[in-house]
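Data block below; observations after.
Naming: A, B, ... by sequence-line order, numbering from 1 per chain.
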Amino acid sequence: MKKIYLLFTLALCIISCQTPVEEGLLSVEDVVATLQKTLIMAQPGDHIKLPAGTFEFKRSISLNDTPDIAITGAGKGKTILSFKGQIEGAEGILVKNVNGIRLEGFTVVDSKGDAIKTQDCKNVIFRDIETTWTTGKLATNGAYGLYPVSSTNVLMEDCEASYAMDAGIYVGQSNNVVVRNNYVHHNVAGLEIENTRVGEVYGNRAHDNTAGMLIFDMPDLPQLNGDKIKFYDNYMENNNGENFAPKGMIVSTLPPGTGMNIMAHSNIEIYNNTIKNHKTVGVMVNSWMITGQSYESEGYDPYCTNVYIHDNKFEGNEGVTDLTTDSGKLIASSFGDEAFDIMIDGIFKPGEPNSYCFQNNGDVKFVNLNAHMGVSPADFKKNASRDMSAFDCTLPDFDTSDHNSWLAAR
Amino acid sequence: MKLRTNINQKCLVFSGFIMVLMLCAQCTQQAEVYGIQVSDAAYEKLSDYQFFAGDIAELMPAEGVLPYELISPLFSDYSHKERFVWMPDETAAQYTTEHVLDFPVGAVLIKNFYYHHDERDHAQGRRLIETRLLINRGEEWDAYGYTWNDEQTEAYYDVVGSIKDVSWINEAGEKQTVDYIIPNKNQCKGCHAYDNKLKPIGPKVRNINKDFAYADGSANQLAKWEAVGYLSGYDDLADHPGVAQWDNVSADLQERSMAYLDINCGHCHNPQGAGRTSGMTLLADSELGLKVGVYKPTVSAGAGTGGHSFSIVPADADKSIMIYRMSSTNPGAMMPELGRRMVHEEGVDLIASWINDMDPDAFEAPRDASLN
């Protein structure tokens with residue numbers, strides 16, 4: 001009996017040695033045919049592994065509801081999911097309502113809409129993921145590359161996003177986010193944090209986008225009033241790319257040559273960043289009012305409050321400023337070819353006239369548009385102030401450590 | 001009645017009670033009584049459920065299976081749909097006008113998609129493409145897709161769906177073709193999610209409050225459901241809401257349009273739906289204004305803006321993102337995102353007329369964006 005058992009074990013070993021199949025690994029021949037089915041049939045805790053190679057999909061790929069799923073490839077640039085021939089689906093990959101999702105080590109190219117979207121998820125990791133469009137800067141590219149929305153506990157690290165016609169990385173309406181060590185280039189907006197509460201954004205690099213990095217708060221959305229974002233050790237250089245977003249997108253109004261833009265968001269600390277070689281503006285801080293667009297949500301705070309910009313390196317932010325967008329033309333016709341390191345619209349929250357502090361940023365070129373007194377070039381010429389002394393102050397620290405315990409467990 | 005191989009198992013599951021093995025001897029007998037059975041796993045074949053009597057392709061409902069129609073249905077690439085409802089013995093849906101009817105656990109909605117070979121002459125026959133079942137499991141509903149074979153003798157369970165080449169002659173005598181996409185199981189939830197739980201979309205009081213030509217005579221569907229024991233809490237003397245029929249040209253343009261948007265968009269664009277992140281609410285009773293899209297700037301429309309600034313520009317359909325997205329077949333731009341490969345020309349015409357009919361002076365127009 002024992003002998004038979006041994007023989008059986010031996011046989012099993014030989015069989016398994018002859019065909020070494022890693023658990024969860026889809027074969028190259030099977031990826032296109034079986035990935036979707038694998039995700040539909042997945043059980044909690046499953047790890048789905050994709051081999052190296054390029055795989056062409058006609059329909060979007062989706063995962064719903066099943067918790068604790070990992071989808072990993074052989075590395076970005078090695079496992080490539082191509083949606084060039086896509087005929088259905090508003091994104092390449094859609095993950096919805098999943099508690100515990102890790103996406104790691106693959107590239108998504110040429111999706112017809114957004115490349116990878118996670119919605120209503122919790123405990124989300126994007127790591128070593130790349131998204132791009134291979135046909136260059138086209139208004140028909142997808143809007144977002146990496147797109148977690150309405151999600152809680154999001155870690156995005158070591159990813160690369162390019163050629164999105166809105167934002168390469170877009171974190172929207174989420175809570176507890178860490179976005180670090182990513183690389184964004186040739187998008188309209190490199191990296192955007194929107195309507196998001198509590199986050200740290202650090203060690204990221206942005207170049208050749210229209211605008212490097214954005215922190216926006218938009219009205220009329222389910223989660224309003226983004227709050228508490230720390231933004232440090234990022235590198236923004238030469239974000240002077242043409243704006244190829246279709247008209248109607250908020251980002252289509254961004255003038256090429258924008259390092260950073262902060263709109264209507266509150267409690268922001270920006271420090272130890274390098275912002276260099278932008279032809280229009282290094283950092284723009286403005287209210288929602290300046291867009292001239294109405295909103296309905298009563299709880300929406302359209303102003304930036306508590307914006308603390310300190311110890312950053314500004315270098316070479318010089319004109320000729322943009323002339324391809326309305327906002328660029330407005331700046332150009334008000335100030336000639338002069339670019340600025342820090343520009344604010346001067347529309348403050350009533351009762352809180354000075355919640356902006358700018359310190360230790362070197363010798364910066366500053367302008368306050370005082371746009372509450374008018375938004376024409378004549379108004380700006382008359383009312384703009386270059387005196388930054390009113391903003392020589394510090395703001396208290398705020399707590400963004402909510403993600404620490406979650407990250408420590410990973 | 002046809003014998004089925006795993007009948008004991010189904011019987012067990014169906015009863016859902018503490019059915020001990022000693023009772024199993026009676027299962028076959030019980031199946032005879034109930035006829036239709038639903039287990040907690042999908043059957044391999046549509047015929048296994050016994051929803052239809054005789055030739056299955058005729059879709060002749062078995063006893064207890066009730067056909068119904070929606071006043072304004074979702075557009076699905078010009079396919080036709082035959083809908084049926086079945087509920088377990090002694091159970092009924094609870095009347096509510098808040099959302100879809102409160103169906104009992106075990107209730108099944110059966111939707112068959114097909115194309116007439118020639119819209120001008122239905123006698124030339126039809127091709128059944130797929131049958132979708134929604135089964136109320138209690139905690140949430142579950143969706144099961146069955147794909148019809150080319151011989152039209154059976155439909156088989158398929159979680160990943162497929163792409164079918166379909167062609168037909170339309171009412172104008174023109175040949176139409178489409179790569180008809182049978183959705184996968186996840187995509188069902190793409191439309192049917194309410195608070196991330198799978199739910200039916202169509203059978204709301206306001207969308208089934210109409211007459212139907214039953215085999216034994218015409219009757220209001222709500223009254224019929226009550227008469228057969230499928231609806232409780234229905235007061236036949238009270239007024240019940242009803243949406244307009246979207247293509248009834250004698251009905252009010254506003255009501256037709258809202259009915260159309262409700263069934264085609266409202267399943268996502270509601271405060272609990274996937275489209276809520278856009279801030280748009282497109283339900284039959286939505287107030288005409290920003291939430292419906294009037295002068296609403298986009299959040300994440302992507303290629304869907306078509307170069308336009310607002311979802312709806314009153315009196316200017318051509319500058320309205322809504323019309324652009326309804327007229328697009330680019331997966332990255334089109335609305336709805338799923339379930340359509342063709343443009344619903346008549347639907348676009350309706351919504352365009354509605355937008356062009358709006359009084360621009362009735363809304364506050366924003367000034368042009370001047371600086372980001």
Mind ranking B/Arg341, B/Lys185, B/Glu337 by heavy-atom pairs under 4.5 Å with chain A and telling me who comes out on top?
B/Arg341
Looking at B/Val159, B/Asn330, B/Thr329, which has the largest count of heavy-atom pairs under 4.5 Å with chain A?
B/Val159
Does atom [atom1] of [X] have more than 12 heavy-atom neighbours from other groups under 6.0 Å away?
| X | atom1 | value |
| --- | --- | --- |
| B/Lys111 | NZ | yes |
| B/Asp318 | CG | no |
| B/Lys81 | NZ | yes |
| B/Lys164 | NZ | yes |

Got a donor-acceptor contact below 3.5 angstrom from the B/Thr305 side chain to the A/Lys247 backbone?
yes
Under the 3.5 angstrom rule, does the side chain of A/Arg59 hit a backbone N or O of B/Ile181 as a donor-acceptor pair?
no
Sub-4.5 Å side-chain heavy-atom contact between B/Gln187 and A/Ser60:
yes
A/Ile87 vs B/Ile163 side-chain heavy atoms within contact, under 4.5 Å:
yes
Which answer fits [X], side chain, backbone, both or neither, if we ask what part of it has an atom under 4.5 Å from a heavy atom of chain B?
| X | value |
| --- | --- |
| A/Leu94 | neither |
| A/Phe216 | neither |
| A/Asp65 | side chain |
| A/Glu88 | both |
| A/Ser150 | side chain |

If I measure from the heavy atoms of chain A, does [X] come under 4.5 Å with its side chain, its backbone, both, or neither?
| X | answer |
| --- | --- |
| B/Leu338 | side chain |
| B/Arg340 | neither |
| B/Asn184 | both |

When A/Lys96, A/Lys329, A/Gln86 are compared by non-hydrogen pairs under 4.5 Å with chain B, the top option:
A/Lys96
At a heavy-atom distance under 4.5 Å, which candidate from A/Val149, A/Ile40, A/Val251 has the highest pair count against chain B?
A/Ile40
Under 4.0 Å between a Lys/Arg side-chain N and an Asp/Glu carboxylate O for B/Arg276 and A/Asp120?
yes
Could you tell me which non-hydrogen atom of A/Pro246 sits nearest to which non-hydrogen atom of B/Gly307, and how far apart they are?
CB-N, 4.3 Å
